[in-house]
Asker: 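If you scroll down you'll find the structure; I have some questions about it.
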Amino acid sequence: MKIVNNEMVLDAVYDLASGMGMRIGDFLERLREDYGDPMIDTDGLPENVVAELEQAKALRKESRDAKRKQAEAEARDKDIAAFREQFPDLSAGEIPEEVWQEVASGIDLLHAYAYYLMTKGKKGDRADAVNRGNLERSAPALGEGSTEPSFTREEVEKMSQKDVKKNYKHILNSMRKWKM
């Protein structure tokens with residue numbers, strides 16, 4: 001006869017949970033939900049003892065539920081704090097609906113919003129590249145031409161104070177073309 005010890009039982013439970021793609025705590029909670037707590041033979045026990053056992057069972061369930069809700073609230077608060085640290089000036093109303101849909105599916109807010117910004121940025125970069133190409137190929141607008149110099153933001157940042165004063169009017173006209 002083979003003797004089963006606690007370590008062997010624990011290994012088997014971990015294997016079962018892993019096979020179902022679950023964490024051990026979630027697996028055990030699912031077992032409790034599906035099969036209930038282990039049955040206690042109450043035959044022959046006084047009614048007050050049976051009532052106390054039922055009350056203790058209900059209290060354990062309430063305690064588990066409260067711990068689970070507290071853990072969820074702590075995780076949510078931690079997620080919000082991490083988001084606020086990276087985006088302190090952003091309000092909840094400014095977050096697009098598609099980000100909230102990702103959060104509802106289980107992705108944390110910080111990563112969902114960062115992914116949104118990254119994909120939005122890639123789309124914006126592509127649009128900017130197309131616009132620049134079109135601008136280079138198009139004819140100059142009225143009043144524009146080779147007579148008036150145009151400066152990029154980087155060129156202006158590299159200018160000395162004297163050059164900025166000298167080209168101030170042209171810099172202002174150039175600034176209208178910059179993406180803010």
Side-chain angles (χ1 to χ4, degrees), residues 1-133 153-154 157 175 178-180:
M1 178 199 296
K2 185 172 183 175
I3 297 176
V4 177
N5 62 25
N6 287 344
E7 187 176 334
M8 296 168 84
V9 171
L10 189 58
D11 285 342
V13 172
Y14 271 108
D15 290 343
L16 289 170
S18 177
M20 293 179 72
M22 301 174 80
R23 293 180 306 176
I24 188 75
D26 296 334
F27 178 75
L28 292 174
E29 186 62 33
R30 181 148 178 209
L31 285 176
R32 280 189 203 101
E33 290 171 1
D34 290 349
Y35 301 104
D37 285 334
M39 300 296 286
I40 299 174
D41 186 12
T42 57
D43 291 339
L45 292 177
E47 285 184 31
N48 62 341
V49 172
V50 172
E52 284 182 34
L53 289 172
E54 290 297 323
Q55 185 180 14
K57 182 178 179 180
L59 288 173
R60 281 194 314 270
K61 183 178 182 337
E62 285 178 26
S63 176
R64 282 192 310 267
D65 290 344
K67 284 180 183 177
R68 181 180 42 79
K69 286 180 182 176
Q70 182 181 2
E72 289 171 356
E74 287 173 358
R76 185 176 48 251
D77 291 345
K78 185 179 176 183
D79 184 30
I80 291 170
F83 181 82
R84 283 275 165 239
E85 187 177 314
Q86 297 299 318
F87 304 101
D89 299 329
L90 195 66
S91 71
E94 295 173 299
I95 299 172
E97 182 60 34
E98 62 191 87
V99 172
W100 290 119
Q101 290 171 357
E102 293 293 324
V103 170
S105 72
I107 297 174
D108 64 88
L109 180 59
L110 177 61
H111 289 103
Y113 190 71
Y115 179 75
Y116 167 79
L117 290 178
M118 185 180 76
T119 57
K120 177 183 163 194
K122 286 182 180 178
K123 292 175 187 172
D125 289 346
R126 173 73 178 124
D128 289 344
V130 169
N131 288 338
R132 276 193 304 276
R153 180 187 312 245
E154 293 78 16
E157 289 174 351
M175 287 175 69
W178 297 351
K179 284 261 187 198
M180 294 286 173

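This one's a predicted model, so the numbers in the text were calculated from it and none came from an experiment.
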Asker: Nearest 0.5 Å, please: how far is OH in Y115 from CD1 in I107?
Answerer: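 Taking CD1 in I107 and OH in Y115, the distance rounds to 9.0 Å.
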Asker: Do I80 and R84 have side chains that approach each other closer than 4.5 Å (heavy atoms only, starting at C-beta)?
Answerer: yes
Asker: Provide the closest heavy-atom pair for E94 versus D89 in the form atom of the first, atom of the second, distance.
Answerer: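 Result for this residue pair: OE1-O, 3.7 Å.
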Asker: Side-chain contact test, heavy atoms from C-beta onward, threshold under 4.5 Å: evaluate it for D108 versus F83 and give yes or no.
Answerer: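 No, every pair of side-chain atoms sits at 4.5 Å or beyond.
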Asker: Mind listing the closest non-hydrogen atom pair of L109 and V99 along with its distance?
Answerer: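 Heavy-atom minimum between the residues: CD1-CG1, 4.0 Å.
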Asker: Please round to the nearest 0.5 Å and tell me the distance separating atom CD of Q86 and atom CG of L117.
Answerer: 11.0 Å
Asker: Answer whether the closest heavy-atom distance between the side chains of M20 and F27 falls below 4.5 Å.
Answerer: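 They are in contact (side-chain heavy atoms under 4.5 Å apart), so the answer is yes.
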Asker: Can you give me the closest heavy-atom contact between Y113 and P96, atom names plus distance?
Answerer: CE1-CD, 3.9 Å
Asker: Could you tell me whether E72 and R68 make a salt bridge, using a distance below 4.0 angstrom between a side-chain N and a carboxylate O?
Answerer: yes
Asker: Are any non-hydrogen side-chain atoms of Y116 and I95 less than 4.5 angstrom apart?
Answerer: no
Asker: Just so I know, are the side chains of E29 and R64 near enough to count as touching, which here means a heavy-atom distance under 4.5 Å?
Answerer: yes
Asker: Please report the closest heavy-atom contact between V103 and A112, naming both atoms and the distance.
Answerer: CG2-CB, 4.2 Å
Asker: Is K61 salt-bridged to D65, going by a charged N under 4.0 Å from an acidic O?
Answerer: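 Salt bridge between K61 and D65, a charged N being under 4.0 Å from a carboxylate O: yes.
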Asker: Above 12 or not: heavy atoms from other molecules or residues under 6.0 Å from CD of E154?
Answerer: yes
Asker: CD/E62 to CD/Q55 distance, rounded to the nearest 0.5 angstrom?
Answerer: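 Those atoms lie 9.0 Å apart.
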Asker: Once rounded to the nearest 0.5 Å, what's the spacing between atom CD of E52 and atom CG of L59?
Answerer: 11.0 Å
